[in-house]
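To start, the structure itself, in structure tokens.
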Amino acid sequence: MASTAIPRLTAGAPMGGPTRMVHITVNDVPFAIEVQDRTLLVHFLRDTLGMTGTHIGCDTTHCGACTVLLDDRPVKSCTVLAVQADGRKVRTVEGLESGGKLHPVQEGFTAEHGLQCGFCTPGMMMTSVALLAKNPNPTEDEIRHAISGNLCRCTGYMNIVKAIQHAAKASGGAK
Amino acid sequence: MIPPKFDYHAPGTVDEAIGLLQKNAGDAKVLAGGQSLLPLMKLRLAEPKMLIDISRIAKLSYIQEDPELLRVGAATKINDLNDSQVIRSRYPMLADAGAHIADPLVRNMGTVGGNVCHGDPGNDLPACMLAIGARYVVRGPKGDRTIAAKEFYRDTFVTALDPAEILTEVQIPKAQNGDGGAYMKMERKVGDFAIAAVAVHLRLDSKGTVTSAGIALTNVGPTVLMAGKAASSLVGHKPTDADFLAAGKLAAEAAQPASDMRGPAEFKKGIVQTLTRRALHLAWGRAGGKS
Amino acid sequence: MTTTIHGGIGQSLARKEDARFIRGKGNYVDDIQLPGMLFLDFTRSPYAHAKITAIHPEKALKIPGVLAVITGKDLDAAKLAWMPTLMSDTQMVLPIDTVKFQGQEVVGIVADSRYSAADGAAAVEIDYEPLPVVTDPVKALLPDAPLVRPDKTKKSNHIWHWETGDKAGTDAALAKSDVVVHQDLYLPRLNVSSMETCGCVAQFDTMGRLTVWMTTQAPHAIRTVFALVAGLPEQNIRIISPDLGGGFGGKVPVYPGYVVAVVAALKTGHAVKWVEDRMDNLMSSSFARDYHISADIGATKDGKLTGLRVKTVADHGYADAAANPSKFPAGLFHIITGSYPFDKAFVEVDGVYTNKPPGGIAYRCSFRVTEAAFTIERLVDGIAHKLGMDPAEFRLKNFIPPESFPYKSALGWTYDSGNYAGALNLAMKMIDYPALRKEQVEKRKRGELMGIGISSFTEIVGAGPSAQFDILGIKMFEGCEIRIHPTGKVMARFGTKSQGQGHETTYSQILAEELGIPAENIAIEEGDTDTAPYGLGTYASRSTPTAGAAAVIAARKIREKAQKIAAHLLEVSPDDLEWKDYKFQVKGVPEKSKTMADVAFAAYTNPAPGTEAGLEAVDYYDPPNMTYPFGSYVCVVDIDKGTGQVNIRRFVAVDDCGTIINPMIVEGQIHGGLNMGLAPALYEQITYDENGNMRGNSFLDYLVPTAVESPHWETGKTTTPSPHHPIGAKGVGESPTVGAPAAIVNAVVDALSPLGVTNIDIPIYPWKVWQILHDKGQN
Amino acid sequence: MQADGRFQVRAAPEVVFAFFSDPRQLLDCLDDPHTVDSVEADRFTGTITTGVAFIRGTFRFTGRYEERIPGQPVQARIHGSGLGSGVDAVLLADLTAADPGTVVGWRADIVLTGPVASIGERLVRSTIDKKTAALFEKARERLEAAPPP
């Protein structure tokens, strides 16, 4: 095994490469942190801030497990640089529950069994939150299209659709 | 997957961005939404030493219709295009395409400018721009110039954009009565590049005669392709289904697809034919044509 | 009025595990962060078969943060370059001199961040000399084919031959049949593509004890394999399987990354994390299927099935790393007689090496059962069409009748129970089958293409009885340990490991029912080998049939002891008590009773004389037989003649999994299973070109269906309890994946049958349909 | 990917043979930046930086000539690796004396492996075809400029 000397390590060891300070508000908390230029937003959230609710599923912008809201719009945080989020606000699954009260989308996913392994769930819920903000009373077809950037391998999507409809109703959107 | 190291710059003006491009010729790459570039970097197929993020340049994101032109700022997000009432009501071809670019999340980062000047034959907007006769405003060290969309695409990833130039605006002839367009895309699943896609644009006179037509094809050649013969076959006609069928066949002849995982070349030509005919029917109806 | 208990069997209890998942508080392997943790990444081979002539790690080692590289030669020095597979074959951890498939791990890079590790992996330079490649198993059997495994004594790519049934009898039965249909079928390579890829964190503590947090469906079996491979004392190995983001069979094998991470942790003294990216996962984690099937089915002219003969070539890549029971190299493929009473049947399978990744795991199905169900349901449809009979009518005429159970199949399996006609009749009623056939006649007159497809499959799950079922010699029992605390609260531990199936909920429902303690007071723990009883893990729909039964038996052991304590408290003889309405009651005197909570408290404060303190039990359940869930699916498709696109208009799935513990969870499992039946029928496959390039190694080309491609599934159920399972449950997670593909393909072939079409290979891409229509002048 | 072609030059067969037998002269026909680091007997090594637009990488290559016998086709096998991928090329020049000069029948078989093949083939195929044709066109120009027999 070829190796260099194994140094004493500290948490957050430097990764090399140019760095800069970013100011990102995550779930209403402002952070000012030095990141590498190439740091992906998803790694900033997971590894730097320790918010591991946002997952990585495909690395190529196809699965949506890493979906977060960037200035209220759902984006795939594995294909966004942390520096691109500088000066902007990010909302993650950790920011859905407020004052001990679950978000209607969280309630919907539980009530309608909209999740199984839970890995796609945070991303799926963030997309749902943005959908309902824009369209409070979506049809099944509109829901299916809205979540078509998020893959789920467990549920067959049926109960995810129901979960979002449930949340729409709870938010007063649906008939 | 982790991108290689690079320097990131977020200039506040286009001219500043152009200066950076000039100074770092060959090493710098413009970052708009990053939805095509960043995946290539994460795969380490592209390793630019510098990224110049133009998304923070004020006034590059707008959709504005004036007496002559529809102007779309290069940094306009695809979903802003899709949400625009002007686009939905008067430029449905762009709304058709916008709804089929990648997936709904990618469209929140991806930009119109990125889609039209990335140079991937699988991008959806270039065919629309060819069919509708758009022009691109680009700015470089020597100032602004406009390039017709049909002159823009040279080869895969190769465009008429000079290395130190940046696309700032897409200009589309203003919709008139009697205009109708449509974009039809067949994809393996949501998020995929097209197996084949067809953009058509028709202009009818008050009698329903086609006075001009544009047809262009996505992902069936090294670049987006014009189907000139197919389009001109319709001009001067009050077209029937037989004309649309014939135009579909001509469009299929213009396609230069390669066989790949999306299907054999012959199939793709067949899809071009089917989609052209269907898109023409749709565009014809939208233009107010009646059979 | 019957008494119920909160969360008892049959209730759609909301899932306990959701509370953490909807808050982003799940704990998956990549969420684990330990102080000083290092990261492992791999440089992989671009070649499918090549000699490694040199490895140049210098540039990688100069990258800041890169600490070490590990090669096959390093591992060889510790005798760790090779490891056994679950099928007693051998596979490389890292190659010493030759790579065998594209994407194979060649050099491990250890760094202080995942970014530096990735930079290091990109900077390692490796010189290769390409060798001839073989990716087609049929060509691999030709005499001049490149030899994939020269390390083996047998100088051929043929691994094994396996057969069962009556060859001569089947040949004779087919020869005498009025009609014989021959069909070649290919079930392509698939990747389970759980949303979470595979990975681990390995850490040695100061006492040399190893803990590995690992994406594994079978933590105990993995611990034993690690002990055997690495020579570590088994008590010094702790495998923890935290929350898993899906498994579907892909997290059963041992992958090189796990072993290298452990070696790296040992060498560096730091915790080491390895997590695949999606391309790594698609290129090198175990595949499913890759079965080339050639089958003949016979019938009399009045439509009675006579015989079935199946010959199969199984492509295992460069190593047979299938996750099958040891005695069944082709899994349970010989359930292939399905729902039909064949007198004679014969099956043979040949395993073959090629330059592809190793494996042969399930794709959300019990060992090779989808391959079997797909084959028989395609063949039955084919012969019905050939006889000019309606495929539903043909099935109803041939099904094994309900009164024949237990039924011994021509290939030796004893089906525990079934009512196949019941399920098919319900599915036909739900979808209004006669109306669809009428509509089809009308549409055909107009030249429109509409098809109706049926699949009436039989599953075989719950592996398995110890006489036949083991993996590396370890019998396939399953353990449950229950402890009732003094306040009447329960901790139960299992050797299985949920990957989304909701074990925390369903197991607590079983225990609530059996112990009379509300489900909310029952905690379930799995996946930690230090605390859980031994078990073989969760795959092949075996958890409810095996661990679910262990839970029932362990609970009943507790009840037996509790009855003595209750008798002591009530000052009666245990025989005077009965367990009724979730309480111990004095027979005939319902007001004299004690609850389990009463008993639990007494077990610690006032145990009956002569009984031990405490209230605990363990059971290791060895099932007497497999369970045989079944179902009937009906699918309606419309085909776009201009594009060849198949649109699933309706899909009705009637499943029978015996007693249902949580109807909501069962329905959710069925929806998900149906989607993974849809996927290979229309979208997913892994192919290789002649140079061994994997085509489709990202989600760009590996086409996992989205919500737009997935239809609105309609479900129904019948209930035929398993006679040998203590509560009659059978397992359901995989039935829909097993049953759905044939229904879809049968529907497409039905739509195209007026054109003389009898088969289309899956996945049915639009270009395949378009080509047929084009050739027939239909578009 | 396969490409072939044929051209005639005024240079004598010996000159053409020597040209194709020299890895430096052959590789200098590439437009892309490259180095030839060593040439020993029938083997040579070097690097080439190539790609399509911004999809570029530096490939290290090793090459080997089949036995070079005047009057027989010259054939070189080149294995390159870069971008985590492999490129294997077999270049062949079949020379026939003509009046005047030499007819060169050339063939290139190029096989990509790794991510470039699986992800990038849709995008790089036409470029490789063009680069191959350009290489032999440049060879023709150089040979045409060589002194006539």
Side-chain angles (χ1 to χ4, degrees), chain B residues 1-6 35-36 39-47 99-100 102-106 120 122 184-198 241 244-245 248-249 252 257 259-279 281, chain C residues 39 41 63-64 111 113-123 197 275-280 640-645 678-679 682-687 689 693-710 763 765-775 778-779:
Chain B
M1 272 176 226
I2 313 290
K5 289 169 198 164
F6 55 83
Q35 302 299 285
S36 297
L40 287 170
M41 291 172 65
K42 287 170 72 180
L43 293 163
R44 297 191 183 229
L45 292 178
E47 307 202 355
H100 287 94
D103 68 46
L105 307 180
V106 171
D120 185 325
M184 281 196 176
K185 174 178 180 177
M186 183 170 171
E187 53 190 4
R188 294 178 297 178
K189 56 167 273 197
V190 171
D192 192 19
F193 293 109
I195 293 168
V198 179
D241 181 53
F244 292 152
L245 178 61
K249 285 187 175 150
S259 297
D260 60 16
M261 294 180 71
R262 289 178 179 79
E266 190 190 18
F267 159 72
K268 292 183 182 181
K269 282 180 171 259
I271 296 308
V272 167
Q273 183 179 326
T274 296
L275 296 185
T276 302
R277 182 183 179 186
R278 291 179 184 178
H281 272 286
Chain C
F39 293 80
D41 204 340
I63 290 171
S113 75
R114 60 176 101 226
Y115 282 57
S116 297
D119 290 346
T197 58
V275 176
E276 289 176 327
D277 66 32
R278 181 59 59 184
M279 281 179 75
D280 296 340
D640 181 336
K641 287 171 102 170
T643 62
Q645 203 129 31
L678 162 77
L682 298 185
Y683 298 101
E684 294 172 16
Q685 70 168 344
I686 289 173
T687 59
D689 68 16
N693 280 313
M694 183 183 171
R695 306 176 79 212
N697 56 5
S698 76
F699 278 170
L700 174 64
D701 289 313
Y702 191 73
L703 305 175
V704 176
T706 76
V708 168
E709 287 77 45
S710 306
Y765 289 134
W767 66 262
K768 296 182 183 176
V769 177
W770 183 91
Q771 196 70 55
I772 289 167
L773 295 171
H774 187 66
D775 293 347
Q778 292 285 313
N779 55 12

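Note that the structure is predicted; figures quoted are calculated from it, not measured. Hydrogens, waters and symmetry mates play no part in the numbers below; they use all other heavy atoms, side chains included. Residue numbers start from 1 in every chain, and the chains themselves are labelled A, B, ... in the order their sequence lines are given, proteins ahead of strands.
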Measuring from atom [atom1] of [X] to atom [atom2] of [Y], what distance do you get when rounded to the nearest 0.5 angstrom?
X: C:T706; Y: B:D103; atom1: OG1; atom2: CG; value: 9.0 Å
X: B:D192; Y: C:L703; atom1: CG; atom2: CG; value: 6.5 Å
X: B:D260; Y: C:R695; atom1: CG; atom2: CZ; value: 7.5 Å
X: B:M261; Y: C:T687; atom1: CE; atom2: OG1; value: 5.0 Å
X: C:E276; Y: B:M1; atom1: CD; atom2: CE; value: 11.0 Å
X: B:I195; Y: C:Q645; atom1: CD1; atom2: CD; value: 6.5 Å

Looking at every non-hydrogen atom in both residues, tell me the closest pair between [X] and [Y] and how far apart they are.
X: B:I2; Y: C:A118; answer: CG1-CB, 3.5 Å
X: C:L700; Y: B:R262; answer: CD1-NH2, 4.2 Å
X: B:V190; Y: C:E709; answer: N-OE2, 2.9 Å
X: C:P766; Y: B:M186; answer: CB-CE, 3.3 Å

- Item | Side chain, backbone, both or neither of C:D41 within contact of chain B (heavy atoms, under 4.5 Å) | neither

- Query: Tell me, do C:D701 and B:R188 make a side-chain contact under 4.5 Å, heavy atoms counted?
  - Reply: yes

- Query: How far apart are the C-alpha atoms of B:E266 and C:W770, what are their side-chain angles, what is the distance that settles it, and do they pass the side-chain contact (heavy atoms from CB on, under 4.5 Å) test?
  - Reply: CA-CA 10 Å; B:E266 190 190 18; C:W770 183 91; 4.2 Å; yes

- Item | Max heavy-atom pair count under 4.5 Å with chain B, selected residue of C:V708, C:N779, C:L682, C:T643 | C:T643

- Query: Considering only heavy atoms, which portion of B:Q273 lies under 4.5 Å from any heavy atom of chain C: side chain, backbone, both, or neither?
  - Reply: neither

- Note on the structure: Applying a strict 4.5 Å limit to non-hydrogen atoms, the region of B:E47 in contact with chain C is neither

